[in-house]
Undergrad: 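Structure in structure tokens, see below.
The sequence lines fix the lettering, A, B, ..., with proteins before strands; numbering per chain opens at 1. Everything numeric in this text was worked out from a predicted model, so none of it was measured.
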Amino acid sequence: MKIPAAHSFDCTPKEAILLQERLRRQVIPHGDPGVIHLIAGADASYAKGEDVIYAAVVVLTFPELTPVEYAWAEAETTFPYIPGLLTFREGPALLEAFRKVQSEPEVILFDGQGIAHPRSLGIASHMGVLLDRPTVGVAKRLLTGTVDEPARDRGATSPITSRDEVIGMAVRTKSRVKPVYVSVGHRIDLKPAVRLVLAADRGYRLPEPTRQAHLFSNTVRRHGGGSVKAVQTTLL
DNA sequence: GCGACAG
DNA sequence: ATCTTGTCGC
């Protein structure tokens, strides 16, 4: 993937918030990716006390959801985890991983919020603007907004609202299991975003793209990059 | 001032 | 997010 040059992430929390309020204007919360052939999932992991972030991107065919590419990168960070500023901790590593992706996925799913964020710039939206591609946020917990419990069956949804506006959708990807919180990242409408998350799910709570990215980032972190070739051979 | 608070 | 074994429930 050809990644446009990004702004600096070397800043203080206060500066980060100012940057978010400036970048939020570049988010395009509408669109439809059209026919999708490749879909990607991105996630990051790290060891408890350390400041090394392991980012992973897994590209899978759609709608088969067969993994066809694994990319990863590790990057040092000094930015702490602060609710609302997640991108400043995981973003740099994720961008490095994306630069290594050879294929061209038409849409990317992130582990976290899109516009369902205090400043409408969750990690999916922020990365979407920097990558200039359609993105969707799939979070396991709510950061902001209110929502009612969706019905218990798979496919049930319930709108996430904030300030009397719908900012996302709670989606039950698996019957009787906690829902995931979907919100628009960039260049996509909520409707197709929700449709995509359900179509990319294979019986687990998390859709395959982010689920695979999560598993892969942990594999790289624990077994090291030296064993990745063997891992990829096994997975592919 | 108090509580909430993605990963 | 991560630290960790077994264990209760569908």
Side-chain angles (χ1 to χ4, degrees), chain A residues 9 13-14 16-17 19-20 23-24 27 41-58 72-95 97 108-130 135-147 152-154 160-163 167-186 190 193 197 203-207 209-224:
Chain A
F9 281 89
K14 280 187 179 179
I17 288 175
L19 182 53
Q20 290 184 323
L23 280 177
R24 67 182 296 177
V27 176
D43 190 25
S45 67
Y46 50 87
K48 197 176 182 179
E50 299 179 38
D51 279 330
V52 179
I53 305 293
Y54 294 82
V57 176
V58 177
W72 67 280
E74 58 178 89
E76 304 253 0
T77 183
T78 54
F79 208 97
Y81 167 66
I82 297 174
L85 299 180
L86 176 65
T87 308
F88 290 83
R89 182 170 173 71
E90 303 187 345
L94 285 169
L95 287 175
I108 307 165
L109 269 45
F110 285 82
D111 199 320
Q113 318 291 341
I115 63 173
H117 175 279
R119 290 167 292 285
S120 305
L121 198 76
I123 194 165
S125 297
H126 196 147
M127 289 293 104
V129 169
L130 296 184
T135 62
V136 177
V138 184
K140 297 182 291 299
R141 294 175 1 181
L142 219 50
L143 171 60
T144 190
T146 60
V147 63
R152 71 177 184 181
D153 303 313
R154 170 186 156 76
I160 300 168
T161 60
S162 179
R163 289 184 160 189
I167 59 173
M169 197 75 86
V171 179
R172 192 84 73 179
T173 50
K174 184 174 183 180
S175 297
R176 274 179 262 181
V177 170
K178 289 188 298 180
V180 292
Y181 303 94
V182 179
S183 61
V184 168
H186 185 55
L190 181 58
V197 168
Y204 290 92
R205 183 192 179 207
L206 301 181
T210 50
R211 193 177 80 84
Q212 291 297 331
H214 184 273
L215 292 172
F216 186 51
S217 67
N218 278 317
T219 294
V220 173
R221 176 171 61 83
R222 309 198 294 230
H223 300 316

Undergrad: Among B/dG7, C/dT2, B/dA6, which nucleotide has an atom closest to any side-chain atom of A/Tyr46?
TA: B/dG7

Undergrad: Any side-chain N or O of A/Lys140 less than 4.0 Å from the OP1 or OP2 oxygen of B/dG7?
TA: yes

Undergrad: Which nucleotide, B/dG7, C/dC3, C/dC10, lies nearest any side-chain atom of A/Arg176?
TA: C/dC10

Undergrad: Would you mind classifying the nucleic acid contact of A/Gly84 as base, sugar-phosphate or nothing, using non-hydrogen atoms under 4.0 angstrom?
TA: base

Undergrad: Is A/Leu85 touching bases, backbone alone, or none of the nucleic acid, heavy atoms closer than 4.0 Å?
TA: base

Undergrad: CD1 of A/Ile17 versus P of B/dC5: gap in Å, rounded?
TA: 18 Å

Undergrad: Using a heavy-atom cut-off of under 4.0 Å over every strand shown, decide if A/His214 touches base, sugar-phosphate, or nothing.
TA: sugar-phosphate

Undergrad: Measure CZ/A/Phe110 against P/B/dG7 and give the value in whole Å, please.
TA: 14 Å

Undergrad: Just N and O in the side chain of A/Asn218: are any of them under 4.0 Å from OP1 or OP2 of C/dA1?
TA: no

Undergrad: Atom CZ of A/Arg221 to atom P of C/dT2: distance rounded to whole Å?
TA: 5 Å

Undergrad: Using atom CD of A/Gln113 as one end and atom P of B/dA4 as the other, report the distance to the nearest whole Å.
TA: 18 Å

Undergrad: Nearest to the side chain of A/Glu90, which nucleotide is it out of C/dT2, B/dG7, B/dC5?
TA: B/dG7

Undergrad: For the residue pair A/Phe88 and A/His126, categorise the inter-ring angle as parallel (less than 30°), tilted (30 to 60°) or perpendicular (more than 60°).
TA: perpendicular

Undergrad: Are A/Tyr81 and A/Leu86 packed together at the side-chain level, in the sense that at least one heavy-atom pair is separated by less than 4.5 angstrom?
TA: yes

Undergrad: Would a distance-only check, ignoring hydrogens and angles, find a side-chain to backbone donor-acceptor pair under 3.5 Å from A/Glu50 to A/Glu76?
TA: no

Undergrad: Distance to the ring centre below 6.0 angstrom and angle to the axis at most 45 degrees; does that hold for A/Arg211 and A/Tyr204?
TA: yes

Undergrad: Tell me: CD1 of A/Ile123 to P of B/dC5, nearest whole Å?
TA: 19 Å

Undergrad: How many whole angstroms separate atom CG of A/Asp51 from atom P of C/dA1?
TA: 17 Å

Undergrad: From the list B/dG7, B/dA6, C/dT2, which nucleotide is the closest neighbour of the side chain of A/His117?
TA: B/dA6

Undergrad: Tell me: CZ of A/Arg119 to C1' of B/dA6, nearest whole Å?
TA: 12 Å

Undergrad: Between A/Arg205 (side chain only) and A/Pro179 (backbone N and O only), is there a donor and an acceptor less than 3.5 Å apart?
TA: yes

Undergrad: What is the distance, rounded to the nearest whole Å, between atom CD1 of A/Ile160 and atom P of B/dA6?
TA: 13 Å

